[in-house]
Protein chains: 2
Amino acid sequence: MTVSIKDVAAMAQVSPATVSRALAGGPVSAELRAKVEAAVKATGYRPNLSARRLRSRDSQTIGLIVADISNPFFTAVSRAVEDEAYKAGLRVILCNTDENPDKEEMYLKLMEEERVTGVIYAPTRATVGKLTRQSFNFPIVLIDRADAVSGQDAVVLDNFAAAAMLVEHLHSQGYRRIAGLFGNASTTGVERRTGYEEAMRRFGLTPQARFLAPSIEAAEKEAASWFNSGSAPEAVIASNGLFLMGVVRAMRAAGKSMPRDLAVAGFDNESWTELAGPGLTVIEQPVNAIGRTAMQLLLERLEDPDAPRRKVVLGGRCVIRGSTQTQQTSTAGAA
Amino acid sequence: MTVSIKDVAAMAQVSPATVSRALAGGPVSAELRAKVEAAVKATGYRPNLSARRLRSRDSQTIGLIVADISNPFFTAVSRAVEDEAYKAGLRVILCNTDENPDKEEMYLKLMEEERVTGVIYAPTRATVGKLTRQSFNFPIVLIDRADAVSGQDAVVLDNFAAAAMLVEHLHSQGYRRIAGLFGNASTTGVERRTGYEEAMRRFGLTPQARFLAPSIEAAEKEAASWFNSGSAPEAVIASNGLFLMGVVRAMRAAGKSMPRDLAVAGFDNESWTELAGPGLTVIEQPVNAIGRTAMQLLLERLEDPDAPRRKVVLGGRCVIRGSTQTQQTSTAGAA
DNA sequence: AAAGAGGCTGAAAACGATTTCAACAACTGG
DNA sequence: CCAGTTGTTGAAATCGTTTTCAGCCTCTTT
């Protein structure tokens, strides 16, 4: 049925060991190498990766565990990780936890059973604390989310500074009553909230922060309730792309306009933010750098398991658009 | 170092065979089963999936090969496939070809080496023709893209009818000079174009179709050139989410408004299409049904390899919004 | 010319599970 | 009471590779 290395060996009239060596670029005479290659082609041989991994005790595979693959932030990071992994000759197993701790546990278990060489991981807040105690037989690099105490390598955005940047910008545009919506599932939500609150106080303003489940609907409902009760703030900071969309939806449904009725700023420079209303002011995360750096940290950790733990903090870029600008200086079209 | 089934067996004072049976739910006395479970817990044993797959000759894994994971259509389909696979006790390997035939070949080769039990696959137009001749040692279910002749199972949108629906709608709104932008990498582009042209002729109109590379930039450039040369049509049909975004971007840059300067209709009901300008009229694909059906076809194919080939054609839903409506009947807000 | 080094090669032993097969015990039915 | 059945168990074979080890040949060095 299926053709194994023995079949190739038989056809090439050499031993299986020689076939293995020839394919791996080992020390084999040119003559035999040619015979092996011919036999491989003739038989259509494909090595069995399970057997290879079993014997060589090296899966050449890393796990990438993200919280939500439909979030463009994570797809962008994934692409960067995969490109980098590919260059290093590694395969990637992509897992999607839906911010669900049960799924996280299941996937971490799976990673152990797959004997991956390492994992890049965006954990929920519920799980990140437990990572220190539990120890895995592979190194972990955290992305996007990391607490202060966990001993893992990590690469994250400077969430504190980014949230403060948004507050400063809104303040400079004359906004004073600035609300904030933050995700309750991740450490990023907490950090961004702290940055927001700290900056607000610096300006002598009263923070008005809400923690929400990470979904479009949660943010939409919250914003809608403002309009219903007539208690809307002057401006809002949305802690991720989902919340941004929820706020914009609620405004649309209530017939409100940006920035007149509500100024909107948020995180994640997804392509649609440029097109909604007068364009949304956002913090752009260096998604490629995040993915690349995470892969790099992982490779270096594999080299030296005992090196000290490293946490790389990357800065965000503030992209200012019409949704927060009182006087229109942008080139916003009328579409 | 790492704990194997032998270690568990030794600790439980039984044979490795008994451990294997106990974990697989085989015929083992309650007494020994308890001892095994205790030993598993004590040792922290995790089965080695490579070894399991090698011996049992069943990877319990399917491949999912998509053209562009950053396209929300494919992420949505992926989620549906994964949910369904999970229910069936199968793992999913997700691969991203970037519409690149070389990557397609590489991943198909990888699937053979992983000994997957089946593959769900959205091929490029360049590759779909070759699939008939080449034969793999796993069944393939095509999604989104399939030609008429390939002998593979498939589940696709009724592209012909969907494109015609858009033409009819635009015609009913009084538009006559209707251009079309179609993807040159997939069979869907071709089918949608045919549906567009056929419907146009039915109304006595002259089709004006362009084939483009599947990127935002390509569509943006094309639309921009219309505005620069003053040769813009009255309406445009964009064959996918990327083209839609390109057109909207070009309109914004040129200061044009929808639908006054150009009516816009397209494919893929991504969440942002609701928020751009007056809302975009789109064909919504039944993404969940596509993923679920594909998985179902695959499972049935594994049951009966000799059953006749089946192609499931699903209908799209036309979501009408402000971007194509002359008199505003929609509830479009001012945001 | 003998000894040592170095390069290829094949036989055989892993890797860690599952599965076959035979052994054994305990019943059942005649 | 004996043959046959059923249900658990362990020894050993097996899956398809890689890797170790030893052997052989050739070439260099003294």
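Throughout, protein chains are lettered first and strands after them, A, B, ... in sequence-line order, and every chain is numbered starting at 1.
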Residues in side chain to side chain contact (heavy atoms under 4.5 Å, CB included) contact with B:Ala10, at least two apart in sequence or another chain: none
From CA spacing to verdict: side chain to side chain contact (heavy atoms under 4.5 Å, CB included), B:Leu110, A:Leu49: CA-CA 9 Å; B:Leu110 178 67; A:Leu49 289 184; 3.8 Å; yes
Atom of B:Thr124, atom of B:Pro101 and distance for their closest heavy-atom approach: OG1-CG, 4.2 Å
Check ion pair B:Lys87-B:Glu84 (N to O, under 4.0 angstrom): yes
Listed partners of B:Val156 passing side chain to side chain contact (heavy atoms under 4.5 Å, CB included), at least two apart: B:Ala146, B:Lys311, B:Val313
Nucleotide range of DNA chain D lying under 4.0 Å from chain A heavy atoms: D:dG16 to D:dT20
DNA chain D contacts among residues 22-29 of chain B, heavy-atom distance under 4.0 Å: B:Pro27, B:Val28, B:Ser29
With B:Glu114, the salt bridge (charged side-chain N to carboxylate O under 4.0 Å, His left out) member among A:Arg53, A:Arg46, A:Arg52: A:Arg53
Distance-only criterion, 3.5 Å: show the donor-acceptor pairs between side-chain atoms of residues 288-297 of chain B and protein atoms not counting sequence neighbours.
unit_1   : atom_1 : unit_2   : atom_2 : d
B:Thr293 : OG1    : B:Ala289 : O      : 2.5

Residue pairs fulfilling salt bridge (charged side-chain N to carboxylate O under 4.0 Å, His left out) with at least one residue in residues 62-71 of chain B, sequence neighbours excluded: A:Arg79-B:Asp68
Are there any protein N/O atoms within less than 3.5 Å of an N/O atom in nucleotides 15-17 of chain C, and if so, which ones and at what distance?
unit_1 : atom_1 : unit_2  : atom_2 : d
C:dC15 : O2     : A:Arg55 : N      : 3.4
C:dG16 : OP1    : A:Arg57 : NH2    : 2.2
C:dA17 : OP1    : B:Tyr45 : OH     : 2.9
C:dA17 : OP1    : B:Asn48 : N      : 3.0
C:dA17 : OP2    : B:Ile5  : N      : 2.3
C:dA17 : O5'    : B:Tyr45 : OH     : 3.2

Under the ring-ring contact (aromatic ring centres under 6.0 Å, His included) test, residues paired with A:Phe138 that sit two or more places apart: A:Phe136
Residues that A:Glu300 engages under salt bridge (charged side-chain N to carboxylate O under 4.0 Å, His left out), provided they are two or more places apart: A:Arg310
Residues in contact with DNA chain D, drawn from residues 30-43 of chain A - heavy-atom cutoff 4.0 Å: none
Residue pairs passing the salt bridge (charged side-chain N to carboxylate O under 4.0 Å, His left out) test where at least one lies in residues 143-154 of chain A, sequence neighbours excluded: A:Glu99-A:Arg145, A:Asp153-A:Arg301
Charged N-O contact under 4.0 Å between A:Glu113 and B:Arg91: no
Divergence of helical axes at both termini of the helix from C:dA1-D:dT30 to C:dG30-D:dC1 - five pairs an end, 10° steps: 40°
Sugar-phosphate only, base, or nothing, as touched by B:Arg21 at under 4.0 Å among non-hydrogen atoms: base
